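The basis for the numbers below is simple: all heavy atoms, side chains too, and nothing from hydrogens, waters or symmetry mates. Numbering of ligands and ligand atoms starts at 1, following listing order. All values derive from a computational prediction rather than experimental measurement. The chain is numbered in sequence order, starting from 1.
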Amino acid sequence: MTIQWFPGHMAKAKRQVEEKLKLVDFVIELVDARAPYSSQNPMLHQVLQQKPKMVLLMKKDLADENITNKWISWYEGQGISAIAVNVDDKKDVQQVIQKAKDMGQEKLERLKKKGVRPRPARAMIIGIPNVGKSTLINRLAQKKITKTGDRPGVTTAQQWIKVKKDFELLDTPGILWPKFEEEIVGYRLATIGTIKDNILPIPDVAAFFIRFLQEHYPNLLNDRYGVSSDIEDMGEVFDHIGTKRGCLESGGKINYDKVADVIIRDLRSAKTGRITLETPDMIH
Ligand SMILES: Nc1nc2c(ncn2[C@@H]2O[C@H](COP(=O)(O)OP(=O)(O)OP(=O)(O)O)[C@@H](O)[C@H]2O)c(=O)[nH]1
């Protein structure tokens with residue numbers, strides 16, 4: 001589900017995350033590998049204060065691998081560990097566990113020096129809606145414990161999942177809102193399906209995505225729909241795709257809503273190809 005973020009909700013979500021943060025040693029932040037900048041929470045840095053974090057670039061199977069690697073280098077350049085993850089790949093999940101253990105170890109060493117008795121390192125998962133939090137928690141727990149599509153505001157007692165002997169995870173994730181300030185961010189989030197389909201009109205989102213393909217992935221556009229990247233008129237592009245994919249109304253007219261649906265569905269299931277909407281050098 002997608003949440004309508006009103007100021008009251010935002011304040012409440014922030015408070016809930018701050019409460020949970022007190023219980024953990026470090027944070028595992030999830031972003032969408034197809035739009036790591038837009039799928040970050042704008043306040044997380046402030047909320048985290050001094051807590052260490054690692055970043056997981058989720059849904060890597062849908063993203064452009066070259067750009068994902070650039071993002072990993074970018075994070076590492078800032079001293080932040082980053083791992084690209086496909087939740088269905090056991091190796092990726094193992095890598096997350098290993099990295100989390102390493103991060104926990106640093107904390108435990110520090111405690112040991114202070115003479116505190118050893119205990120498991122504790123972490124929580126944090127991220128915007130639909131980024132893959134519940135699915136990852138289930139994989140880490142190796143059994144289904146969190147309902148996928150969990151909602152914020154449903155308070156339950158905090159429980160710890162023992163992932164490894166010396167690493168525990170909070171069973172409910174922290175949910176924060178995505179960036180909303182820039183219009184283009186809204187389009188990118190709508191494209192990858194992070195914000196509800198009724199917030200921005202689907203034909204506009206599809207047109208935004210076609211322009212993006214024309215500029216950045218002209219070959220994929222041509223391979224999927226036989227559309228050349230130099231057609232400027234979006235109506236013409238939609239006519240072409242509509243004819244090819246049979247998006248017709250009675251009387252043979254093209255149904256543009258259906259064309260837009262086809263474009264968006266193909267994209268979200270990676271039928272168009274593995275695509276990333278943002279590169280680190282776009283960040284100023
Ligand atoms: N292709 C792909 N899909 C993924 C991956 N991780 C999660 N998903 C899908 O993303 C969708 C959202 O996953 P959830 O685990 O419900 O996301 P969430 O962050 O808990 O969402 P909220 O409950 O809305 O906060 C589901 O359809 C998952 O199957 C991944 O690595 N690859």
Could you check which of D92, T135, V87 puts a non-hydrogen atom nearest to atom 28 (C) of ligand 1? T135
Indicate yes or no: does D261 engage R245 in a salt bridge with an N to O separation below 4.0 Å. no
At under 4.0 Å between heavy atoms, which part of V85 makes contact with ligand 1: side chain, backbone, both or neither? backbone
What class does the angle between the rings of F167 and F26 fall in, given that below 30° is parallel, 30 to 60° is tilted and above 60° is perpendicular? parallel
Any N/O of I175 closer than 3.5 Å to an N/O of ligand 1? no
Tell me the contacting part of D61 for ligand 1: side chain, backbone, both, or neither, using a 4.0 Å heavy-atom threshold, strictly below. side chain
Angle between ring planes, F209 versus F212, binned at 30° and 60°: parallel, tilted or perpendicular? parallel
Please could you name the atoms of ligand 1 that N86 approaches to less than 4.0 Å, counting only its heavy atoms? 31 (O), 32 (N)
Report, as yes or no, whether the 6.0 Å neighbourhood of atom CD on Q94 holds more than 12 heavy atoms from other residues, nucleotides or ligands. yes
Contact (N/O only, under 3.5 Å) between K60 and ligand 1: no
Treat each ILVMFWY residue as a node, draw an edge where side-chain heavy atoms are under 4.5 Å apart, and state whether L189 and L44 are in one component. yes
Which of the numbered atoms in ligand 1 are under 4.0 angstrom from any heavy atom belonging to S134? 15 (O), 18 (P), 20 (O)
Looking only at distance, does G132 have an N or O less than 3.5 Å from an N or O of ligand 1? yes
Hydrophobic clustering (ILVMFWY, side-chain heavy atoms < 4.5 Å, transitive) - are I126 and Y75 grouped together? yes
